[in-house]
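Here the structure comes first, spelled out in structure tokens, and everything after it is commentary.
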Amino acid sequence: MSSDVDHQQLQQFMTSSTWPVDIVRARLARRAVAVVRPQVWVVDDTGFPKDGTSSPGVARQYSGTLGKVGNCQIGVSVHAASDAASCPLSWQLGRERGCRSSGPVPGPQE
């Protein structure tokens with residue numbers, strides 16, 4: 001992105017717009033698969049360490065990112081990959097039992 005982009009407006013558009021995110025993600029995934037021509041599918045979980053109490057889906061759990069048990073969110077993603085390229089196709093926050101919820105945790109994506 002160029003330096004003249006209002007990042008706050010872009011973030012607000014992405015999180016507050018009423019456009020059908022599932023349909024857009026599915027269409028982008030199909031286009032990415034056509035370009036990447038995957039040889040493998042990669043499923044990856046990533047920990048996002050959290051200190052506060054306001055993020056949804058936070059739980060005390062093992063995180064490879066931290067290398068120990070700690071407060072974190074776990075995100076799961078699916079990627080198409082080949083020798084030449086890779087691209088994330090879908091992602092979501094994991095839902096753990098006992099996690100704090102101060103807001104909705106995004107649901108599964110196509």
Testing the basics here: between [X] and [Y], what is the closest heavy-atom pair and its distance to 0.1 Å?
{"X": "Leu93", "Y": "Pro56", "result": "CD1-O, 4.2 Å"}
{"X": "Leu66", "Y": "Asn71", "result": "CD1-O, 4.4 Å"}
{"X": "Gly47", "Y": "Thr65", "result": "O-OG1, 3.0 Å"}

Per-pair distances, 0.1 Å, donor-acceptor, side chain in residues 74-82, under 3.5 Å, sequence neighbours excluded:
residue	atom	partner	partner atom	Å
Ser77	OG	His79	NE2	2.7
Ser82	OG	Val36	O	3.3
Ser82	OG	Ala84	N	3.2
Ser82	OG	Ala85	N	3.2
Ser82	OG	Ala85	O	3.4

Q: Hey, could you give me the CG/SG distance between Asp51 and Cys72, rounded to the nearest 0.5 Å?
A: 11.0 Å

Q. How far does CD of Gln92 sit from CZ of Arg25, to the nearest 0.5 angstrom?
A.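 The CZ atom of Arg25 is 9.0 Å from CD of Gln92, to the nearest 0.5 Å.
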
Q.
Does Gln39, at its CD atom, have more than 12 non-hydrogen atoms belonging to other residues, nucleotides or ligands within less than 6.0 Å?
A. yes

Q) How far apart are the C-alpha atoms of Val33 and Val35, what are their side-chain angles, what is the distance that settles it, and do they pass the side chain to side chain contact (heavy atoms under 4.5 Å, CB included) test? A) CA-CA 5 Å; Val33 166; Val35 172; over 6 Å; no

Q) How far apart are the C-alpha atoms of Ser55 and Gln73, what are their side-chain angles, what is the distance that settles it, and do they pass the side chain to side chain contact (heavy atoms under 4.5 Å, CB included) test? A) CA-CA 8 Å; Ser55 297; Gln73 293 171 315; 3.7 Å; yes

Q. For Tyr62, which fellow cluster members are found when Ile, Leu, Val, Met, Phe, Trp and Tyr are connected by side-chain heavy-atom distances below 4.5 angstrom, either directly or through intermediates?
A. Val69

Q: Check the hydrophobic clustering (I, L, V, M, F, W, Y; side-chain heavy atoms under 4.5 Å; chains of links allowed) and say if Leu28 and Val21 are grouped together.
A: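 Yes.
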
